[in-house]
2 protein chains.
Amino acid sequence: MTARRAYDSAGTAARILDVAEQLVQVRGFNGFSYADIASELKITKAALHYHFAVKADLGEALINRYATRFISALAEVDGSAVPPPAKLAAYADLYAQVLRRRRMCLCGMLAAEYQTLPRGMQDAVVSFFDENESWLAGVLRDGREGGSLRFAGADRDAARMIINCLEGAMLMARPYGDVSRFRAAAASLLAGFTPVTAQVPGLAAAAQPA
Amino acid sequence: MTARRAYDSAGTAARILDVAEQLVQVRGFNGFSYADIASELKITKAALHYHFAVKADLGEALINRYATRFISALAEVDGSAVPPPAKLAAYADLYAQVLRRRRMCLCGMLAAEYQTLPRGMQDAVVSFFDENESWLAGVLRDGREGGSLRFAGADRDAARMIINCLEGAMLMARPYGDVSRFRAAAASLLAGFTPVTAQVPGLAAAAQPA
DNA sequence: GTCTATACAGCGATAGAC
DNA sequence: GTCTATCGCTGTATAGAC
């Protein structure tokens with residue numbers, strides 16, 4: 001069992017995770033090796049194994065840290081008392097921030113490689129998406145009840161729709177090296193949930209560039 | 001240059017491509033080896049190298065064959081004189097067929113691994129998506145002109161939106177082993193393009209299950 | 001906690017016989 | 001067109017000194 005634990009942000013373990021995270025998000029879990037991390041950090045492979053005995057341990061730690069950060073970013077959005085449409089925009093912006101660093105969503109990348117992952121990583125990936133879905137479903141429910149969001153079907157299905165589209169938009173934006181593709185997709189996705197009276201000006205403009 | 005060429009469907013090269021295609025769609029290009037194909041076909045790795053000297057050659061052949069088939073399936077849809085909304089449904093169904101075999105779209109998988117691919121494969125992946133986008137944009141334009149489809153913004157942006165959502169829905173459906181997730185997402189996506197008068201009954205039902 | 005050194009399997013790829 | 005045999009390299013992982 002690998003409970004989610006914190007990593008001293010200056011410690012070696014955290015620096016290993018930083019480098020590994022970038023490598024997975026850019027190249028995939030099957031696309032990098034301990035040697036890549038070692039050379040980047042100028043330590044030896046053996047030192048890496050001291051911190052993460054086997055690659056699966058490193059992978060699980062990676063997902064757990066990523067999920068913890070992501071979920072806490074969502075909690076922060078909840079803390080700021082913004083209306084549901086702005087929460088959705090903030091959610092999409094979390095994705096955009098990842099893409100701006102030329103990375104894929106960590107768990108989106110791992111979703112592609114899912115069948116090759118050790119069991120613990122698979123479960124952690126699914127948990128990540130389940131938590132995202134729950135958070136979004138809550139925002140959507142509040143928004144619909146309050147009249148600031150409009151959509152057909154169940155909260156849960158709409159939440160899944162949003163995750164699908166944002167992950168897909170990230171996936172497609174990277175081969176084109178084009179963040180604006182993502183922005184346009186996100187904007188028009190969210191516009192579909194927003195009654196005209198509550199459109200977010202910045203995003204609506206991005207959806208249909210002048 | 002690797003011009004798109006045909007493969008005798010009974011020949012060894014074609015059988016190699018069949019196995020490799022499945023492996024890439026399930027495990028990714030970095031997730032399988034020549035040894036995997038060899039053992040499946042009960043030939044040696046050396047024999048594989050006779051047909052595809054280096055792995056990049058195999059990869060390009062894979063994409064080109066896949067693209068040829070996919071585009072010809074689209075041409076077939078065009079041949080049947082169905083209305084634009086049905087063409088979109090047929091397009092989504094091509095994705096569903098892939099997913100039903102527990103596979104990811106070949107080029108969607110390669111999009112995730114994009115940064116690790118040899119140049120020729122990268123270009124072939126982008127071409128695949130460009131062709132998809134063009135086909136969809138044509139359908140969307142016809143549909144809007146004829147009044148059977150309704151959407152905001154440019155044909156091209158709407159086409160990208162559809163590709164994003166379908167690829168994302170495939171990506172997410174696989175970890176959950178749940179094709180119905182994809183069906184629901186595709187149905188509600190297409191419903192957003194379809195005026196009420198032209199809803200496709202089967203799909204609309206799937207979007208909001210009873 | 002990091003090192004040197006190494007084990008050992010797997011990888012893509014090649015040479016040369018048949 | 002397929003084989004056996006092998007190469008050189010990289011992969012994950014370990015042992016044991018410091």
Enquirer: Looking at B:Phe32, I'd like to know if the NZ or CZ of B:Arg27 sits under 6.0 Å from its six-membered ring centre while staying within 45 degrees of the ring's axis.
Expert: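 B:Arg27 over B:Phe32 ring: no.
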
Enquirer: Could you write nucleotides 1-13 of chain C as a row of B, S and -, 5' to 3', where a protein heavy atom under 4.0 Å of any base atom gives B, of only sugar-phosphate atoms gives S, and otherwise -?
Expert: BBBB------SBB

Enquirer: Do you see a donor-acceptor pair shorter than 3.5 Å between the side chains of B:Asp130 and A:Tyr176?
Expert: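 There is such a pair between these side chains.
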
Enquirer: Among residues two or more places apart or on two chains, list those pairs meeting salt bridge (charged side-chain N to carboxylate O under 4.0 Å, His left out) that have a residue in residues 79-88 of chain B.
Expert: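 Salt bridge (charged side-chain N to carboxylate O under 4.0 Å, His left out) check on residues 79-88 of chain B returns B:Asp78-B:Lys87.
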
Enquirer: Report yes or no: is the cationic atom of A:Arg174 (NZ for Lys, CZ for Arg) under 6.0 Å from the centre of the six-membered ring of B:Tyr114, at an angle within 45° of the ring normal?
Expert: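 No, A:Arg174 and B:Tyr114 do not form such a contact.
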
Enquirer: Tell me, which pairs form a salt bridge (charged side-chain N to carboxylate O under 4.0 Å, His left out) where one or both residues lie in residues 28-41 of chain B, sequence neighbours left out?
Expert: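 Every pair satisfying salt bridge (charged side-chain N to carboxylate O under 4.0 Å, His left out) with a residue in residues 28-41 of chain B: there are none.
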
Enquirer: What's the CG-P distance between A:Asp57 and D:dT12, to the nearest Å?
Expert: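 One finds 13 Å between P of D:dT12 and CG of A:Asp57, rounded.
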
